[in-house]
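Below is one structure, written out as structure tokens; the observations come after it.
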Amino acid sequence: IVELNTEKADIILNADQMIFSPNNDGVKDFLTFLPIVRSKTPVTSYRLTIINEKDGSIVNVKEGEGMPPSHIVWRALNKESSNESESLSSATYCSDGFYKATIEVELENKQQAMSTVSGIEIDTTYPNIELDSPYLVFSSNIDGKRATLPITQKSSKEELWQGAIKNESGYVVRNMNWEGEASNFEWDALDNTGNKVSNGKYYYEVFSQDKAGNATTKVLKNIVLDDR
């Protein structure tokens with residue numbers, strides 16, 4: 001009796017994140033694919049293909065014999081050499097945009113199976129903001145001019161901008177947050193509880209980090225409150 005083995009593999013391709021920023025800043029610089037294959041019949045080969053969703057071009061292929069590794073790292077390189085340090089030093093990175101990955105496996109019985117993950121985003125654009133103020137020394141006791149500190153902000157649209165007025169020791173005296181673009185504001189020399197802060201030097205710091213891990217911090221220094 002000859003048994004015909006027509007078993008097909010069950011395969012699922014996952015990714016540890018769906019957006020990353022391969023700009024070598026140490027935050028979300030690479031993505032890891034996590035293939036799961038279930039089959040009693042041995043796997044003879046695998047092929048992972050990464051495709052640019054915009055034009056359908058193949059940007060990277062990882063393939064080998066036997067079962068696929070449980071973790072497959074993609075650093076957004078168009079092609080990767082076997083020598084990782086050499087590859088990264090002369091790397092050509094994929095452009096910002098959306099990509100999909102498909103893994104295919106072939107079993108010993110020649111049956112094939114595949115799984116796809118779509119909507120993987122590469123984003124290497126940092127949040128952007130410019131700060132300005134017409135003056136940095138002010139007195140909240142004066143009626144009219146320079147009774148508050150006006151700060152103008154021109155920023156990119158982000159999920160969240162976090163601003164803080166800090167004293168010379170770095171202690172936060174006033175917080176403010178904006179969704180989308182950071183707005184202009186005037187500091188009235190009050191802290192978060194509504195009390196007037198003491199005379200001295202301060203600085204304003206604003207920060208944003210997007211979903212891909214790109215982070216930007218800008219500082220406006222040498223703010224002086226003088227109510228003498």
Side-chain angles (χ1 to χ4, degrees), residues 7-108 110-128 156-162 179-180 207-216:
E7 180 196 14
K8 293 184 178 181
D10 289 326
I11 182 167
I12 300 172
L13 182 61
N14 295 315
D16 65 344
Q17 54 194 353
M18 292 301 292
I19 180 170
F20 68 119
S21 55
N23 45 27
N24 296 318
D25 64 357
V27 181
K28 294 190 175 183
D29 285 331
F30 58 87
L31 178 147
T32 303
F33 293 108
L34 308 167
I36 300 173
V37 182
R38 297 186 179 92
S39 173
K40 294 180 180 179
T41 304
V43 175
T44 56
S45 65
Y46 69 90
R47 178 185 175 93
L48 177 70
T49 305
I50 302 170
I51 296 171
N52 186 324
E53 289 190 349
K54 184 177 181 179
D55 59 15
S57 61
I58 296 175
V59 299
N60 200 297
V61 175
K62 299 172 182 289
E63 55 189 347
E65 297 180 355
M67 185 77 83
S70 60
H71 294 69
I72 303 175
V73 173
W74 180 42
R75 300 181 182 275
L77 303 182
N78 273 315
K79 58 180 181 178
E80 301 180 39
S81 91
S82 56
N83 185 328
E84 184 174 284
S85 60
E86 176 187 328
S87 174
L88 293 177
S89 65
S90 59
T92 301
Y93 288 87
C94 295
S95 58
D96 284 13
F98 289 89
Y99 296 80
K100 67 178 179 180
T102 297
I103 191 165
E104 302 169 271
V105 297
E106 183 170 284
L107 306 183
E108 198 174 61
K110 302 302 180 182
Q111 295 288 340
Q112 297 178 337
M114 62 184 292
S115 178
T116 298
V117 175
S118 302
I120 298 167
E121 184 178 2
I122 295 176
D123 176 10
T124 58
T125 303
Y126 286 86
N128 179 61
S156 55
K157 289 184 178 180
E158 306 297 337
E159 281 199 346
L160 182 67
W161 284 100
Q162 298 173 288
E179 295 179 358
F207 168 83
S208 183
Q209 184 174 39
D210 63 22
K211 289 182 178 180
N214 302 302
T216 293

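Heavy-atom basis, side chains included; hydrogens, waters and symmetry copies ignored. Residue numbers start at 1 and run along the sequence shown.
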Does some side-chain heavy atom of Asp10 sit less than 4.5 Å from a side-chain heavy atom of Val37? no

message = Could you tell me if the side chain of Val73 sits less than 4.5 Å from the side chain of Leu31, heavy atoms only?
response = no

The salt bridge (charged side-chain N to carboxylate O under 4.0 Å, His left out) partners of Lys211 (sequence neighbours excluded) come to Glu159

When you measure from the side chain of Asp210 to the backbone of Asn214, do you find a donor-acceptor pair of N or O atoms at a distance under 3.5 Å? yes

Is there a side-chain contact between Glu106 and Ser45 (heavy atoms, below 4.5 Å)?
yes

Show me the donor-acceptor pairs within less than 3.5 Å that the side chains of residues 13-20 make with the rest of the protein, sequence neighbours left out.
| unit_1 | atom_1 | unit_2 | atom_2 | d |
| --- | --- | --- | --- | --- |
| Asp16 | OD1 | Thr32 | N | 3.0 |
| Gln17 | NE2 | Phe30 | O | 2.7 |

* To do: In sequence, state the C-alpha distance, the side-chain angles, and the governing distance for Asp96 and Thr124, and then conclude on side-chain hydrogen bond (donor to acceptor under 3.5 Å, both in side chains).
  => CA-CA 7 Å; Asp96 284 13; Thr124 58; 2.8 Å; yes

Flag the pair Asn52 / Ser57 as yes when at least one side-chain heavy-atom distance between them is below 4.5 Å, and no otherwise. yes

One should read off an interatomic distance between Gln209 CD and Glu158 CD, to the nearest 0.5 angstrom, of 10.5 Å

- prompt: Going by heavy atoms in the side chains, are Tyr126 and Asn23 under 4.5 Å from each other?
  reply: yes

Rounding to 0.5 Å, atoms CD (Glu63) and CD (Glu104) come to a distance of 10.0 Å

Value for SG (Cys94) from CG (Asn60), rounded to nearest 0.5 Å, stands at 7.0 Å

Side-chain donor/acceptor of Glu53 to backbone N/O of Gly119, under 3.5 Å:
yes

Thr216 side-chain N/O to Ser208 backbone N/O, donor-acceptor pair under 3.5 Å: no

(request) Say whether, by atom type as modelled, one donor and one acceptor occur between the side chain of Ser156 and the main chain of Pro127 under 3.5 angstrom. (result) no

Closest non-hydrogen contact found for Trp161 with Gly180 is CD1-O, 3.2 Å

| said: Measuring only between side-chain heavy atoms, which start at C-beta, is Pro35 closer than 4.5 Å to Ile12? | reply: no

Rounded to the nearest 0.5 Å, the CD atom of Glu108 sits from the NZ atom of Lys40 at a distance of 15.5 Å

Interatomic distance, NZ@Lys54 vs OH@Tyr99, rounded to 0.5 Å, equals 9.5 Å

Worksheet item: Just by modelled atom types, is the Ser21 backbone N or O under 3.5 Å from a matching donor or acceptor in the Asp123 side chain?
Response: no

Check: Between Gln111 and Thr41, is a side-chain contact (heavy atoms from CB on, under 4.5 Å) present by the stated rule, with each step listed?
Finding: CA-CA 10 Å; Gln111 295 288 340; Thr41 304; over 6 Å; no

### Message
Angle between ring planes, Trp74 versus Phe33, binned at 30° and 60°: parallel, tilted or perpendicular?
### Response
parallel

* **Heavy-atom side-chain proximity of Ile122 to Ser95 below 4.5 angstrom** => no

message = Any non-hydrogen side-chain atom of Pro42 less than 4.5 Å from a side-chain atom of Leu107?
response = no

Separation between CD1 (Ile50) and NZ (Lys62), nearest 0.5 Å, reads 6.0 Å

